[in-house]
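Below is one structure, written out as structure tokens; comments come after it.
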Amino acid sequence: MTLINDNLLLLRRQEKSFSMSFVTLRRPDDFHVHFREGKLLQTVAPYTAAHFGRALVMPNTSPPVVSASTLSSYRLEIMMACRTYSFEPLMTFKIYPALSAAELKALKLAGAVAGKFYPLGVTTNSGDGVSDLKAITHILLLMEELDLVLCVHAEQPEVSSLSAERLFLKHFYWLVETFPKLKIVVEHVSTAEGVALVESLPPTVGATITVHHLMLTLDDVINDFLHPHLFCKPIPKTTKDKEALLEAAMSGNSKFFFGSDSAPHDRSKKENHQCAAGIFSAPSALACLAKIFEEADSIAALEPFTSEFGAQFYGLPLNESSIYLEQTDEKVPRTIEKLVPLAAGKSLGWRVADDLSAQRTS
Ligand code: DOR
Ligand code: ZN
């Protein structure tokens, strides 16, 4: 009996290596994530820490991360929630015009790697956003000097949501010309025009691409029904935009790297007449990416996109450990506590081996 079992096991292993049902990946980083705060943070952050070596944590918490002391206490809260993982949060702060030079230097000393620019009112907790980019010129000059990266939510306020990114893009010419050494990231780029602009600008400009913008168009969000769990900012757009993003992600151009923009909101806030923007993608992001890259016959392009280009842009060493993606029929959980993850209830054909979500289904 044992011999039969052993032989079966051997056969399965051989089958697996023959059909390449495992993919080894240098441990990836997520260069754009929302961890929230309190109980929600405790729930969601471990899903990122289980798969990713590092994540760039967005500062649009309530209250926001705007000072060295809020940054340090937020980092501690994240590290406590992720203490069983080998995981490093990369901290950001929210840029606002009254930020003093002394506070900016203190933020740098406290370990900030980037500042996030939110135009006024364009997304979750951006009611305190900036209405005029030029009002933060003095801050951007100092960020350039201190080697702090500028992360930009690139949407023009108060215009049609389908045009918001396209209409914002002109500001990048001014940014690049005025701050030639400042590293700038176009966050969650969502249009063909955005991709083309990033390609055309100097190497100081890169872009994050989310997994949901590689999967969705507007028709997935609104067609026969409204799908609140797929509603996010910037809104997924046309097939042409999605194709440009897929091409950029798989191109091997190191300006484009992975940032999930995993942005959890409780079901009560999503399934609501004023649905909150944000997709909780952390538990299934890598499985979705494996499916997308495999289907495009580009699985070899996955590792640079998730595990190399972002670190290189931020001047960080590559992670040394690995994760394993394995083929499976397993389905993404329908819910995780009070949250609905991306691809809920679907079989993606892939999972991260030893995935935390396997233990926390409901
Ligand atoms: O959909 C989004 N949700 N886009 C953002 O830019 C912010 C995020 C959030 O914090 O909920
Ligand atoms: Zn975001």
Side-chain angles (χ1 to χ4, degrees), residues 29-38 40-41 43-45 47-48 52 55-66 74 78 89-95 113-130 149-157 161-162 164-165 168 185-191 194 206-218 220-222 226-237 245 257-272 274-282 285 310 338-342:
D29 297 312
D30 180 349
F31 278 96
H32 185 136
V33 73
H34 298 267
F35 276 163
R36 313 303 188 203
E37 53 278 326
L40 188 50
L41 181 149
T43 304
V44 301
Y47 283 93
T48 295
F52 297 89
L56 190 75
V57 185
M58 291 298 124
N60 63 333
T61 43
S62 178
V65 180
V66 283
Y74 190 38
I78 295 165
L90 302 170
M91 303 307 291
T92 68
F93 57 91
K94 212 172 193 179
I95 298 174
V113 300
K116 178 82 185 271
F117 168 76
Y118 288 98
L120 179 65
V122 290
T123 191
T124 308
N125 296 343
S126 62
D128 57 355
V130 181
V149 173
L150 170 67
C151 300
V152 182
H153 183 114
E155 287 195 291
Q156 190 71 18
S161 57
L162 288 176
E165 182 173 295
F168 188 90
V185 180
V186 182
E187 296 295 338
H188 38 56
V189 61
S190 69
T191 57
T208 51
I209 299 181
T210 76
V211 64
H212 49 270
H213 288 103
L214 295 176
M215 292 167 73
L216 307 173
T217 66
L218 184 61
D220 296 298
V221 188
I222 41 165
L226 177 66
H227 297 269
H229 297 286
L230 301 181
F231 174 60
C232 62
K233 304 256 180 101
I235 195 82
K237 299 189 173 67
L245 295 168
F257 48 89
F258 181 61
S260 71
D261 198 15
S262 182
H265 294 277
D266 275 9
R267 285 182 78 163
S268 61
K269 291 202 177 138
K270 295 292 287 173
E271 297 167 12
N272 184 300
Q274 286 189 324
C275 170
I279 297 180
F280 177 41
S281 59
K338 290 181 192 153
L339 307 162
V340 176
L342 178 63

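Please read these numbers as outputs of a predicted model, since none were measured by experiment. Read the numbers this way: they start at 1 and go in the same order the structure lists the ligands and their atoms. Heads up: numbering here begins at 1 and tracks the sequence.
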With the side chain counted from C-beta on, respond yes when [X] and [Y] share a heavy-atom pair under 4.5 Å apart, and no when they do not.
{"X": "Val189", "Y": "Leu245", "value": "yes"}
{"X": "Phe35", "Y": "Thr61", "value": "no"}
{"X": "Pro234", "Y": "Thr191", "value": "no"}

*Hey, what's the ring geometry for Phe168 with Phe117, parallel, tilted or perpendicular (30° and 60° as the breaks)?*
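Tilted.
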*Using distance alone, with no hydrogens and no angle criterion, decide if Asn60 and His34 have a side-chain donor and acceptor under 3.5 Å apart.*
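The criterion, which ignores hydrogens and geometry beyond distance, is satisfied for His34 and Asn60.
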_For a quick check under 3.5 Å, do Asn125 and Ser62 share a side-chain donor-acceptor pair by atom type?_
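No, Ser62 and Asn125 have no side-chain donor paired with an acceptor closer than 3.5 Å.
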*For ligand 1, what is the set of protein residues having any non-hydrogen atom at a distance below 4.0 Å?*
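Near ligand 1, by chain and number: His34, Arg36, Asn60, Thr123, Thr124, His153, His188, Cys232, Lys233, Asp261, Ala263, His265, Ala277, Gly278.
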*Who are the ring-ring contact (aromatic ring centres under 6.0 Å, His included) partners of His188, not counting sequence neighbours?*
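If we apply the ring-ring contact (aromatic ring centres under 6.0 Å, His included) test to His188, skipping adjacent residues, the hits are His32, His153.
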_ring-ring contact (aromatic ring centres under 6.0 Å, His included) against Phe280, all qualifying residues, sequence neighbours excluded_ =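 Per chain and number, Phe280 pairs via ring-ring contact (aromatic ring centres under 6.0 Å, His included) with no residue.
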*For the Zn ion (ligand 2), check which protein N, O or S atoms are under 2.8 Å away and list them.*
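His32 NE2, His34 NE2, Asp261 OD1, with waters left out.
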*Do you know which two heavy atoms are closest between His265 and Leu339, and how far apart they sit?*
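So the minimum-distance heavy-atom pair works out to O-CD2, 3.4 Å.
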